[in-house]
Each structure stands twice: as structure tokens, then as C-alpha cells.
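The figures here come from the full heavy-atom set of this structure, side chains too, leaving out hydrogens, waters and symmetry mates. All values reported here derive from a predicted model rather than from experimental measurement.
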Amino acid sequence: MSGKRTYGGLSVEERLAHRRRRLLDAGLELFASRGFHGTSIEQLSSAAGITARDFYRVFKGREELFIALLDELNDESVRVAAEALSAAAEDAVARARAALSAYIQWTVADPRRARVKYTRPFGISPAVERRRQAGVDAFIDLARHEFEQMAAAGLIPRRTNFALAAVAVMGAANELILDWVAGRYAADIDEVVEEAVRVLGAALSGP
């Protein structure tokens with residue numbers, strides 16, 4: 001006889017994993033639309049189809065849920081960019097376009113991602129700010145490493161430190177994403193990608 005208890009054919013661990021997934025999905029919707037402070041545990045629980053008591057079996061509170069969601073979005077955005085780079089041709093412009101296109105297309109495919117990643121974390125807590133910055137740093141590290149590899153291959157001019165270029169490119173890409181999601185200008189998303197590629201080209205080629 002198995003020592004694992006099941007409920008409706010699911011183990012305790014599987015039920016907790018399902019609740020966690022539903023809460024993350026509810027958090028993406030409510031944090032994006034209402035903001036962190038405008039979202040209650042009761043609203044999150046209701047949207048996830050669970051009780052508030054069950055919420056606390058998965059997360060200690062709203063902040064822990066927000067951090068888990070932010071971590072998931074940050075990890076996924078870096079992953080899609082890294083995968084695009086691994087499949088790109090050995091050409092500086094082609095690699096830049098592949099990574100930026102994958103990153104931007106993934107983000108704008110669901111505007112809630114942009115809101116949670118780029119507008120909602122501010123003013124919640126020092127812990128949330130640290131996780132937000134960790135996500136930024138992960139993408140900057142990916143870009144910096146890619147620039148160093150391209151320089152070593154002779155695809156772009158060498159320089160002492162590519163970190164500032166990585167920060168500049170990420171800042172430009174994120175602002176382009178946010179303005180596009182907010183509807184501040186009429187442009188096809190491919191135009192947004194091309195503008196980000198132009199910024200990247202300027203950052204890497206120098207004056």
C-alpha cells in the first residue's frame with residue numbers, strides 16, 4: 001500500500017503544485033490590472049478558485065506570491081532570448097535582431113507581463129526591489145556575455161567593458177515595450193524590434 005495520500009487521484013504535492021499554478025495565473029491577471037496594493041488575498045484566492053486558507057498553504061502572503069511571479073517572468077524572458085541566440089546565425093546584426101525580437105515578442109504577447117515586470121514592483125518592499133533588480137541583472141549579464149563573445153569573434157569592435165552597453169540597450173528596449181503596450185504611438189511590433197536593433201547597433205559600434 002502506498003504511503004502517499006491522494007485526493008481526487010492527486011497527491012498532496014500535486015494538489016499544492018496545481019494551486020500554486022492557479023495562484024500565479026491569478027496574480028498575473030490581478031497584479032497587472034489592479035496593482036499590488038489594490039489586490040487582496042481574498043481576490044487572488046477567488047480568482048484561483050481556492051479558499052484563502054488554501055492560499056496560505058502555498059504562499060505566506062501577497063508579497064511572496066508577487067516575488068514568485070516576478071521570478072517566473074524574469075527567468076522566462078531571459079530563457080527565450082538565450083534560446084534565440086543559440087539558434088541565430090554568426091552575424092552581429094542577425095544575432096541582435098534574433099534576441100531582441102524574441103524578448104520583445106514574448107513580452108508583448110501578453111501585456112500583463114510588461115506591467116508586472118516593469119511597472120508594478122516599485123514601492124512594494126526592499127525584497128521585491130531586490131528581485132526586480134536581479135531580473136534586470138540577469139538580462140544584462142546575458143547581453144554583456146554575448147557582446148564579449150561577438151567582440152572575441154571579430155564581429156564588433158572590442159572595448160574594455162560592455163556592461164554599460166548592455167544597460168543602455170536593455171533600458172531602451174524596455175521603454176519601447178512599455179510605450180508600445182501603453183499605446184503611446186502607433187507602430188507595428190516589428191518596427192519596435194528594428195528600433196531596438198538600431199539602438200543596439202549604435203551602442204556597440206561607438207561614435
Colleague: Quick check for you: to the nearest 0.5 Å, what is the distance between D137 atom CG and R144 atom CZ?
Modeller: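 Between D137 CG and R144 CZ, I get 10.5 Å after rounding to 0.5 Å.
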
Colleague: Quick one: does NZ or CZ of R62 land under 6.0 Å from the six-membered ring centre of F36, within 45 degrees of the ring axis?
Modeller: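 Yes, a cation-pi geometry.
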
Colleague: How close do S11 and E14 get, heavy atom to heavy atom, and via which atoms?
Modeller: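 Shortest heavy-atom contact: N-OE1, 2.9 Å.
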
Colleague: Strictly below 4.0 Å, N to O, side chains only: are R97 and E194 in salt-bridge contact?
Modeller: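 Result for this pair is yes, salt bridge flagged.
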
Colleague: As an exercise, state the distance from NE2 of H145 to CG of D141, rounded to the nearest 0.5 Å.
Modeller: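 Between H145 NE2 and D141 CG, I get 10.0 Å after rounding to 0.5 Å.
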
Colleague: Does the W180 side chain pair with the main chain of A187, one donor and one acceptor, at a distance under 3.5 Å?
Modeller: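 Judged by distance alone, yes, a pair lies under 3.5 Å.
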
Colleague: Taking 4.0 angstrom as the limit, do R57 and D54 come out as a salt bridge?
Modeller: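 A salt bridge links R57 with D54.
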
Colleague: Treating Ile, Leu, Val, Met, Phe, Trp and Tyr as nodes and any side-chain heavy-atom pair under 4.5 angstrom as an edge, say whether V181 and Y185 lie in one connected cluster.
Modeller: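 They do share one cluster, since a chain of ILVMFWY contacts under 4.5 Å joins V181 to Y185.
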
Colleague: Under 4.0 Å between a side-chain nitrogen and a carboxylate oxygen: does that hold for E72 and R21?
Modeller: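 The answer is yes: the pair qualifies as a salt bridge.
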
Colleague: Taking the side chain from R120 and the backbone from A32, do they hold a donor-acceptor pair closer than 3.5 Å?
Modeller: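 Yes.
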
Colleague: Check for a donor-acceptor pair, side chain of Q105 on one end and backbone N or O of A102 on the other, with a separation under 3.5 Å.
Modeller: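 Such a contact is absent between Q105 side chain and A102 backbone.
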
Colleague: Considering non-hydrogen atoms only, spot the tightest contact between A98 and A84 and give its length.
Modeller: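 For A98 and A84, the tightest heavy-atom pair comes out as O-CB, 3.4 Å.
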
Colleague: Apply side-chain contact (heavy atoms from CB on, under 4.5 Å) to L155 and F147, showing your working.
Modeller: CA-CA 9 Å; L155 299 176; F147 298 159; over 6 Å; no

Colleague: Nearest 0.5 Å, please: how far is CG in L65 from CG in L30?
Modeller: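 L30 atom CG to L65 atom CG measures 9.5 Å (nearest 0.5 Å).
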
Colleague: Starting at CG of L200, measure out to CZ of R198 and round the result to the nearest 0.5 Å.
Modeller: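 Taking CG in L200 and CZ in R198, the distance rounds to 12.0 Å.
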
Colleague: State, to 0.1 Å, how close A68 and R20 come at their nearest heavy-atom pair, and which atoms those are.
Modeller: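 Result for this residue pair: CB-NH2, 3.7 Å.
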
Colleague: With heavy-atom distances below 4.5 Å as the criterion, would you say the side chains of F162 and V169 are in contact?
Modeller: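 No - every pair of side-chain heavy atoms lies 4.5 Å or more apart.
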
Colleague: When you compare the side chain of Y103 with that of N174, does any pair of heavy atoms fall below 4.5 Å?
Modeller: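 The answer is yes, as the side chains (C-beta and beyond) meet within the 4.5 Å cut-off.
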
Colleague: The test is side-chain contact (heavy atoms from CB on, under 4.5 Å); show your working for E148 and R158 and say whether it passes.
Modeller: CA-CA 8 Å; E148 290 171 353; R158 292 178 179 270; over 6 Å; no

Colleague: Show the numbers, then the answer: is there a side-chain contact (heavy atoms from CB on, under 4.5 Å) between V116 and L69?
Modeller: CA-CA 8 Å; V116 171; L69 176 60; 4.0 Å; yes

Colleague: Is any side-chain heavy atom of V136 closer than 4.5 Å to a side-chain heavy atom of V167?
Modeller: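 A side-chain contact under 4.5 Å is absent here.
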
Colleague: Just so I know, are the side chains of T107 and Y118 near enough to count as touching, which here means a heavy-atom distance under 4.5 Å?
Modeller: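 Yes; the side chains approach each other to less than 4.5 Å.
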
Colleague: What are the two closest non-hydrogen atoms of L44 and L23, and how far apart are they?
Modeller: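 In this case the closest contact between L44 and L23 is O-CD2, 3.9 Å.
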
Colleague: If you round to the nearest 0.5 Å, how far is CD1 of I41 from OH of Y56?
Modeller: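 Answer for the OH-CD1 pair, Y56 versus I41, is 3.0 Å.
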
Colleague: Could you state whether V199 and V108 fall into the same hydrophobic cluster, counting links through intermediate Ile, Leu, Val, Met, Phe, Trp or Tyr residues with side-chain heavy atoms under 4.5 angstrom apart?
Modeller: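 No: no chain of side-chain contacts under 4.5 Å links V199 to V108.
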
Colleague: So if I apply the side chain to side chain contact (heavy atoms under 4.5 Å, CB included) rule between N74 and each of K117, R131, R132, which one comes out positive?
Modeller: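 Going through the options one by one, the only one that passes is K117.
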
Colleague: Quick one: does I189's side chain get under 4.5 Å of I104's, heavy atoms only?
Modeller: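 The answer is yes, as the side chains (C-beta and beyond) meet within the 4.5 Å cut-off.
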
Colleague: Identify the heavy atoms of I124 and H37 that sit nearest to each other, and give their distance.
Modeller: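 I124 and H37 have their closest heavy atoms at CA-NE2, 4.3 Å.
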
Colleague: Check whether any side-chain heavy atom of E42 sits under 4.5 Å from a side-chain heavy atom of F55, and report yes or no.
Modeller: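 They are not in contact (no side-chain heavy atoms under 4.5 Å apart), so the answer is no.
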
Colleague: Between R34 and E29, does any NZ, NE, NH1 or NH2 come within less than 4.0 Å of an OD or OE carboxylate oxygen?
Modeller: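 The answer is no: the pair does not qualify as a salt bridge.
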
Colleague: Just verifying a value: how many Å separate F66 CZ and T39 OG1, rounded to the nearest 0.5 Å?
Modeller: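 Atom-to-atom, F66:CZ and T39:OG1 are 9.5 Å apart.
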
Colleague: Which pair of non-hydrogen atoms, one from E63 and one from A127, has the smallest distance, and what is that distance?
Modeller: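 Result for this residue pair: OE2-CB, 3.5 Å.
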
